[in-house]
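Inspection log for the structure reproduced underneath, given as structure tokens.
Please read these numbers as outputs of a predicted model, since none were measured by experiment.
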Amino acid sequence: MKGDKLEEQDPKAPQPTPGLRKGDKLKEQDSSPPQPTPRPRKGDKHEEQRLGPEPAAPQQPTAEEEALIEFHRSYRELFEFFCNNTTIHGAIRLVCSQHNRMKTAFWAVLWLCTFCVMYWQFGLLFGEYFSYPVSLNINLNSDKLVFPAVTICTLNPYRYAEIKEELEELDRIAEQTLYDLYKYNSTALEARSRGRRDLRGTLPHPLRRLRVPPPPDGARRARGAASGVQDHNPQVDRKDWKIGFQLCNQNKSDCFYQTYSSGVDAVREWYHFHYINILSRLPETLPSLEEDTLGNFIFACRFNQVSCNQANYSHFHHPMYGNCYTFNGKNNSNLWMSSMPGINNGLSLMLRTEQNDFIPLLSTVTGARVMVHGQDEPAFMDDGGFNLRPGVETSISMRKETLDRLGGDYGDCTKNGSDVPVKNLFPSKYTQQVCIHSCFQESMIKVCGCAYIFYPRPQNVEYCDYKKHSSWGYCYYKLQADFSSDHLGCFTKCRKPCSVTSYQLSAGYSRWPSVTSQEWVFQMLSRQNNYTINNKRNGVAKVNIFFKELNYKTNSESPSVTMVTLLSNLGSQWSLWFGSSVLSVVEMAELIFDLLVITFLMLLRRFRSRYWSPGRGGRGAQEVASTPASSLPSHFCPHPTSLSLSQPGLAPSPALTAPPPAYATLGPCPSPGGITGASSSACPLGGALREERFLPPRQMLPWWEGLALED
């Protein structure tokens with residue numbers, strides 16, 4: 001029009017749609033050719049000023065906007081992203097050589113092999129860690145040491161006055177047994193049993209000679225030819241018989257012979273068995289033992305060049321070793337301390353070793369028995385003691401050692417025995433020997449119904465005696481065999497203590513007193529200690545016990561592989577095979593997490609499409625009916641009806657940048673030239689409504705379905 005002035009337009013901005021007049025029809029904007037822009041004419045400036053600035057076009061939404069949590073749409077995309085961005089060496093070669101399949105296959109095989117070897121090394125490291133190995137640390141310390149307890153026994157079993165007659169009866173039967181078996185008359189036994197032959201008849205479980213089945217003649221001749229010695233004693237043929245005594249159960253249904261190939265061992269064991277039964281008959285309210293005074297057994301006692309007194313020792317009686325004295329025990333108020341090593345800074349004892357009123361068939365040795373142990377440990381003279389020889393000076397040097405074990409997963413040990421299923425029957429701390437003897441005593445009480453006299457007994461339990469428990473001998477020897485083969489489980493139940501203190505002993509011997517000094521030594525002993533004996537050298541002995549050095553060794557266990565060591569080894573292996581760090585491990589964990597999430601979302605999408613898709617078709621049809629036709633693509637339209645946009649005043653909708661949803665009833669529309677006269681039934685499918693699967697646009701999908709939509 002005249003006087004109008006064309007406004008300047010941005011070539012990128014959308015062109016405004018001119019207003020529609022009555023009777024005109026809307027034409028396709030996309031199909032109309034672009035109109036040339038007329039040049040502004042003179043005089044149109046006032047129109048531009050009058051119209052003012054053109055309002056800015058609304059911001060168009062982008063196709064994909066970044067969300068708070070995003071996942072990759074496919075496994076391939078995830079793998080390519082990981083290989084291109086990870087800090088693990090060699091992973092990028094899996095995607096950068098994708099145009100060369102041979103290189104890609106080579107690097108894939110190499111990467112997988114390296115990965116497998118690294119995790120094989122990881123398995124070895126974890127296996128070593130969970131095997132809980134320990135390292136032994138040895139430390140040498142030097143300090144003043146507490147002198148250990150020393151127990152020394154006379155090797156002379158005591159004859160109680162309450163059972164003296166029964167012991168004499170046992171000696172008489174033993175004398176008769178020796179004569180019947182060996183035609184031997186014992187003068188020592190005869191002197192004690194003289195005039196007592198009419199006491200009783202016989203004892204149960206007599207000692208007998210048992211004939212062994214002879215070997216084949218060929219073996220006998222070969223053995224005789226090999227020995228070359230002719231046997232001239234037909235009564236005692238050691239090859240054809242054994243000595244033993246019979247033991248039976250309660251109802252005599254099962255019996256066996258406890259046999260020995262040596263007659264000395266058989267007689268001692270048989271006498272020992274009857275002696276135990278006699279000791280068990282002693283009353284509980286027994287008066288104090290007729291203890292030998294310290295001077296009758298120990299002529300001299302010195303520690304650190306200071307004489308001992310009665311407060312330094314305690315006394316007890318052992319059934320087999322007689323009177324025993326413990327020096328520097330737990331009852332000692334002031335424990336001895338060693339500040340200097342050497343023989344002059346230890347314990348020195350001068351002992352009487354003669355046997356007064358001894359039992360010859362029970363104790364066959366002379367001298368004394370000594371044992372070194374801790375203050376809070378019992379003296380097991382059978383397990384850890386050794387004998388002192390008469391007429392000899394024995395010098396025993398000690399060296400202290402401690403061992404600290406790791407408990408828990410690193411070792412099977414106990415701190416105080418509270419977690420061991422065996423009750424401690426000894427008045428001392430827990431040791432493995434204490435536990436083993438307590439376990440045997442418990443088994444003895446449970447199986448045999450009585451307690452073994454050599455070990456402490458619980459309350460209301462009697463010691464074994466065949467007069468009250470006729471079959472206890474049968475039960476004891478059977479139980480002893482099971483104990484030795486660990487069928488009782490005592491060695492399994494009794495664990496080692498975590499902290500152990502031991503003393504390594506070494507002994508030296510010399511003749512004492514010497515030939516030149518024995519005369520004045522015996523004279524002094526006879527005048528001061530009433531020492532009178534014909535063979536003077538066989539009645540005395542001397543012992544020195546001292547620390548060899550004040551350095552003591554401490555052995556302690558420590559974990560060989562700690563958590564720090566394990567992490568260090570794992571990091572070394574990871575750096576060796578892949579040259580990466582802890583953050584690379586986090587990247588691997590992130591990759592695994594993404595794989596799991598993508599797999600879960602795909603399974604969820606498949607589940608939703610299978611079970612929820614039928615109900616979504618109706619909702620799709622409703623959305624089609626409510627969607628304006630201007631937002632549809634140019635080449636699709638609904639089949640049943642076609643909206644007419646020829647009404648006056650109908651404003652066109654702005655174009656959508658995102659693609660419309662794939663509706664179920666869309667088909668190709670007529671060509672642009674035929675839109676003007678097209679009716680609502682002009683679609684090529686003849687107005688038939690076709691049911692299709694309705695897929696809403698990406699903006700309408702949930703976030704978990706939009707991740708894998710392209711799959």
Side-chain angles (χ1 to χ4, degrees), residues 68-140 403-413 415 495-496 498 554-603 707-708:
L68 180 62
I69 300 177
E70 289 187 351
F71 298 99
H72 298 277
R73 294 181 175 86
S74 63
Y75 295 119
R76 182 183 182 86
E77 181 182 349
L78 174 62
F79 180 72
E80 291 180 354
F81 175 82
F82 175 78
C83 293
N84 288 325
N85 297 276
T86 185
T87 58
I88 299 177
H89 292 188
I92 195 173
R93 301 301 298 268
L94 301 177
V95 294
C96 69
S97 304
Q98 58 184 353
H99 299 293
N100 192 333
R101 295 184 177 180
M102 181 175 294
K103 286 187 176 181
T104 303
F106 169 76
W107 279 100
V109 172
L110 182 61
W111 200 83
L112 290 177
C113 291
T114 305
F115 194 80
C116 293
V117 171
M118 183 191 68
Y119 273 92
W120 173 62
Q121 294 289 331
F122 281 3
L124 295 180
L125 293 176
F126 277 106
E128 182 183 8
Y129 175 76
F130 286 107
S131 63
Y132 301 105
V134 297
S135 299
L136 185 62
N137 305 320
I138 301 177
N139 299 321
L140 289 178
L403 175 60
D404 295 328
R405 299 185 179 93
L406 289 176
D409 297 327
Y410 292 95
D412 188 17
C413 69
K415 293 184 178 180
R495 295 181 291 170
K496 298 178 180 179
C498 294
T554 301
N555 304 319
S556 59
E557 294 180 350
S558 62
S560 180
V561 181
T562 61
M563 181 60 67
V564 176
T565 307
L566 176 64
L567 294 178
S568 177
N569 294 337
L570 293 177
S572 300
Q573 292 295 326
W574 186 272
S575 300
L576 173 65
W577 296 105
F578 286 102
S580 50
S581 63
V582 178
L583 298 181
S584 303
V585 180
V586 179
E587 292 177 359
M588 291 290 297
E590 183 184 15
L591 174 64
I592 296 174
F593 176 74
D594 290 344
L595 287 174
L596 295 176
V597 170
I598 291 176
T599 303
F600 172 74
L601 292 178
M602 286 185 175
L603 294 176
L707 295 175

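Residues P133 and E128 approach most closely at CD-O, 3.1 Å, considering heavy atoms. Smallest separation of non-hydrogen atoms from Q573 and L125: CG-CD1, 3.9 Å. Across all their heavy atoms, G407 and C413 have their closest contact at CA-SG, 3.5 Å. Across all non-hydrogen atoms, the minimal contact from C83 to A91 is CB-O, 3.4 Å. Between W574 and S584, the shortest heavy-atom distance links the atoms NE1-CB, 3.9 Å.
Looking at heavy atoms from C-beta onward, F130 lies in side-chain contact with Y132 at the 4.5 angstrom threshold. Using a 4.5 Å heavy-atom cutoff, the side chains of I138 and T554 are not in contact. At least one side-chain heavy atom of L567 sits under 4.5 Å from a side-chain heavy atom of M563. For the pair I88 and M588, the minimum side-chain heavy-atom distance is below 4.5 Å. For the pair T599/Y75, a side-chain contact is recorded, criterion being any heavy-atom separation below 4.5 Å from C-beta on. When side chains are defined from C-beta on, L566 counts as touching F126, because their heavy atoms get closer than 4.5 Å.
With sequence neighbours left out, F81 forms a ring-ring contact (aromatic ring centres under 6.0 Å, His included) with H72. Take R405 and apply the salt bridge (Lys or Arg N to Asp or Glu O under 4.0 Å) test, not counting sequence neighbours, and it matches no residue. Every residue meeting the side chain to side chain contact (heavy atoms under 4.5 Å, CB included) condition with E587, not counting sequence neighbours, appears here in chain and number order: F82, T86, T87.
Between S572 atom OG and W577 atom CH2 the span is 13.0 Å, to the nearest 0.5 Å. Atom CG of L403 and atom CG of L136 lie 7.5 Å apart (nearest 0.5 Å). Atom CG of D404 and atom CG of N555 lie 8.5 Å apart (nearest 0.5 Å). Distance check: N85 CG to E80 CD gives 11.0 Å after rounding to the nearest 0.5 Å. Rounding to the nearest 0.5 Å gives a distance of 10.5 Å between OG of S135 and OH of Y410. Note that the CZ atom of F578 and the CH2 atom of W111 stand 5.0 Å from one another [nearest 0.5 Å].
By the neighbour-count criterion of 12 heavy atoms within 6.0 Å, atom CZ of F600 is sparsely surrounded, having that number or fewer from other residues, nucleotides or ligands. Surrounding OH of Y119 are more than 12 heavy atoms belonging to other residues, nucleotides or ligands, all under 6.0 Å away.
With no hydrogens or angles considered, a side-chain donor-acceptor pair links T565 and T562 at under 3.5 Å.
In this structure, the side chain of S568 does not engage the main chain of V564 through any donor-acceptor pair within 3.5 Å.
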Could you give me the CA-CA distance, side-chain angles and deciding distance for L576 and Q121, then say whether side-chain contact (heavy atoms from CB on, under 4.5 Å) is met?
CA-CA 11 Å; L576 173 65; Q121 294 289 331; over 6 Å; no
